[in-house]
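Notes follow the structure.
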Amino acid sequence: MQKKYLFGFGGVMVFIALVLIAISFDHLDPYSFRYSSNEMLEKMDDQTHLLSPQEFIDLRTQQDLIIVDLRDPKLFAAFSLDSAKNIAAERVLDKSLKPFFQTETTKVLVDQDGLQANQIWVLLTQFGYENLMVLEGGIKNWQEKVEVTTLDKFTGFKDEKPQVDFAEVMKK
Amino acid sequence: MLKPIWIIATLFLGLGAISAMLPQKKNRYLERNAEELLRDVLVQEYVVTTDDLAHLLIQKDPSILLIDVRPEAEYKKYSLPGAINIPLDSLLSDQWGGYLDQDLKRNIFFSNGTTLSVQAWMLVKQKGYANNYFLKGGLNNWFSTIIEPKEPPSDAPEKDFRIYRTRVAASQYFTGKTDAPAPGSGTAAPLPKMKKKKKMVQGGCS
């Protein structure tokens, strides 16, 4: 009689535990960030994810890179870098793309002018994806300065590099 | 045979133990998740252009606060009029909380380009702070469009010339030349789309 009670009691406990676990996982946010803002700030510290066009060209000769073009398909169809994969920015969090972003191959995010690629880099890195980089200046700079004019100085494009001495210009 | 009271007591203890071991839900009072932040990135309503900023500064709009997120040395060398310096690496320290998490001023982050400023914006946006914007193109774009505007080619549409004339007036205003035409004598730059101020919940623990 006592054994019968114990088995019944055990069964009830296991059932309740399973229900609680199911409810708990159902409420977990699949889009929550892996890193807090403070942790993300530390990851931004060295800014090594930013590639000037020249650094991008060099890196491409040294290792396998996947170029992820974040622009909409129309712009992508009009012009894209060799072997680039088009994933429009609004799709980057799609569950179907998780296995792709979790691969170890370095992915270089590219957009029209570098701004949105940098934003998506922050978002995806904070979300937990690793091995992501950004092409500075985006396709616009690439087309204007790298492919058309082939001026060496523009292959060194860095968004945060002052283009003039601000203080000097204001003194003029 | 076990008494019912013992069975119930053990049941509650067991449930308590199971609940304690379950993964906790994050406290997401105002913080954004990745999906919400992506939405903010895509709508682009937090972008301030150099023309928008020139207009706001000329109007002496008291509701904006310019935040230079470059390192202190660069800020000391040159910055925009009235800007305060919060270098990116100290952005989230407690001392700046009052500037970033408020509903009185519209903060506009800027740097030389847009890289540092947009990273600062992403961080505060993720924390759920309202009223933060960033200057597209930063000081490089400020200088190439407002301080040293380039005349459009002669076959450019009239709209480009109107913008150019406004920029020349703005340039003269900011560089301090006295022979400047009245600021805003050209077509006024459009006001940036600013999000409505979010009403913060009063009271409670912080």
TODO: Could you look at A:Leu50 and say if it's the side chain, the backbone, both or neither that has a heavy atom under 4.5 Å from chain B?
DONE: side chain

TODO: Evaluate the criterion side-chain contact (heavy atoms from CB on, under 4.5 Å) for residue pair A:Asp113 and B:Lys136; output intermediate values, then yes/no.
DONE: CA-CA 11 Å; A:Asp113 58 8; B:Lys136 191 175 182 182; 3.7 Å; yes

Task: Segment of B:Ile147 engaging chain A (4.5 angstrom heavy-atom cut-off) - done: side chain

TODO: Could you walk me through whether A:Phe166 and B:Lys77 pass side-chain contact (heavy atoms from CB on, under 4.5 Å), step by step?
DONE: CA-CA 8 Å; A:Phe166 304 132; B:Lys77 206 172 162 196; over 6 Å; no

Open item on the list: Heavy-atom pairs under 4.5 Å with chain B - which of A:Val169, A:Ile16, A:Val164 has more of them than the others?
Closed with: A:Val169

- [ ] Measure the shortest side-chain to side-chain distance between B:Arg32 and A:Tyr31 over non-hydrogen atoms and say whether it is less than 4.5 angstrom.
- [x] no

Open item on the list: Between B:Arg70 and chain A, with a heavy-atom cut-off of 4.5 Å, which part of the residue counts as in contact: side chain, backbone, both or neither?
Closed with: side chain

Task: Residue B:Val41 versus chain A: region with a heavy atom under 4.5 Å - done: both

TODO: Answer yes or no: does atom OH of B:Tyr99 have more than 12 heavy-atom neighbours from other residues, nucleotides or ligands under 6.0 Å?
DONE: no

TODO: Verify, without hydrogens or angle tests, whether A:Asp45 (side chain) and B:Asp89 (backbone) share a donor-acceptor contact under 3.5 angstrom.
DONE: no

Task: Neighbour count >12 (heavy atoms, 6.0 Å) for atom CD, B:Glu148 - done: yes

Open item on the list: Out of A:Asp159, A:Ile120, A:Val122, A:Asp165, return the one with the most heavy atom pairs under 4.5 angstrom to chain B.
Closed with: A:Asp159

Open item on the list: Is it the case that over 12 heavy atoms from other parts of the model lie below 6.0 angstrom from the CD atom of A:Glu104?
Closed with: no

Open item on the list: Please identify which of these residues, B:Lys125, B:Gln126, B:Glu31, meets the side chain to side chain contact (heavy atoms under 4.5 Å, CB included) condition with A:Ser37.
Closed with: B:Gln126

Open item on the list: Side chains of A:Gln47 and B:Gln119: any donor to acceptor distance under 3.5 Å?
Closed with: yes

- [ ] Could you look at A:Glu42 and say if it's the side chain, the backbone, both or neither that has a heavy atom under 4.5 Å from chain B?
- [x] neither

Task: Whether over 12 other heavy atoms sit under 6.0 Å from B:Lys150 NZ - done: yes

- [ ] Go through A:Ser36, A:Gly114, A:Ala167 and name the one with the most non-hydrogen pairs under 4.5 angstrom from chain B.
- [x] A:Ala167

Task: Under 4.5 Å from a heavy atom of chain A, the part of B:Thr10 involved - done: both

Open item on the list: Is it the case that the side chain of A:Glu160 and the backbone of B:Ser111 share a donor-acceptor pair, with hydrogens and angles ignored and the cut-off at 3.5 Å?
Closed with: no

TODO: Please flag which part of A:Phe127 lies under 4.5 Å from any non-hydrogen atom of chain B: side chain, backbone, both or neither.
DONE: side chain

TODO: Give the minimum heavy-atom separation between B:Asn140 and A:Lys161, together with the two atoms involved.
DONE: ND2-O, 2.9 Å

TODO: Evaluate whether atom CG of A:Asp46 has more than 12 neighbouring non-hydrogen atoms of other residues, nucleotides or ligands under 6.0 angstrom away.
DONE: yes

TODO: Ignoring hydrogens and angles, tell me if any N or O in the side chain of A:Gln119 forms a donor-acceptor pair with the backbone of B:Met122 under 3.5 Å.
DONE: no

Open item on the list: Test side-chain contact (heavy atoms from CB on, under 4.5 Å) on A:Met40 and B:Leu92; report intermediate values, then the result.
Closed with: CA-CA 11 Å; A:Met40 191 58 215; B:Leu92 300 177; over 6 Å; no

TODO: Scan B:Leu116, B:Leu123, B:Thr115 and name whichever one has a side chain to side chain contact (heavy atoms under 4.5 Å, CB included) with A:Met44.
DONE: B:Leu123

TODO: State the CD-CG distance between A:Gln126 and B:Asn33, to the nearest 0.5 angstrom.
DONE: 11.0 Å

Open item on the list: Less than 4.5 Å to any heavy atom of chain B: does that hold for the side chain of A:Leu41, its backbone, both, or neither?
Closed with: both

Task: Contact origin within A:Gln116 toward chain B - heavy atom pairs under 4.5 Å - done: side chain

- [ ] Using a 4.5 Å cut-off on heavy atoms from C-beta on, say whether the side chain of B:Thr114 contacts that of A:Asn118.
- [x] no

- [ ] Would you give the length of the straight line joining atom CD of A:Gln163 to atom CZ of B:Phe143, rounded to the nearest 0.5 angstrom?
- [x] 11.5 Å

Task: A:Leu115 side, atom CG; B:Ser117 side, atom OG - distance, nearest 0.5 Å - done: 8.0 Å

Open item on the list: Looking at every heavy atom in both A:Glu90 and B:Leu38, which two are closest together, and how far apart are they?
Closed with: O-CD2, 3.9 Å

Task: Best-contacting candidate, B:Val124, B:Leu91, B:Leu139, against chain A by heavy atom pairs under 4.5 angstrom - done: B:Leu139

- [ ] Pick one of side chain, backbone, both or neither for B:Trp121, based on which atoms fall under 4.5 Å of a heavy atom in chain A.
- [x] side chain

Task: Side chain proximity check, A:Phe33 to B:Leu37, heavy atoms < 4.5 angstrom - done: yes

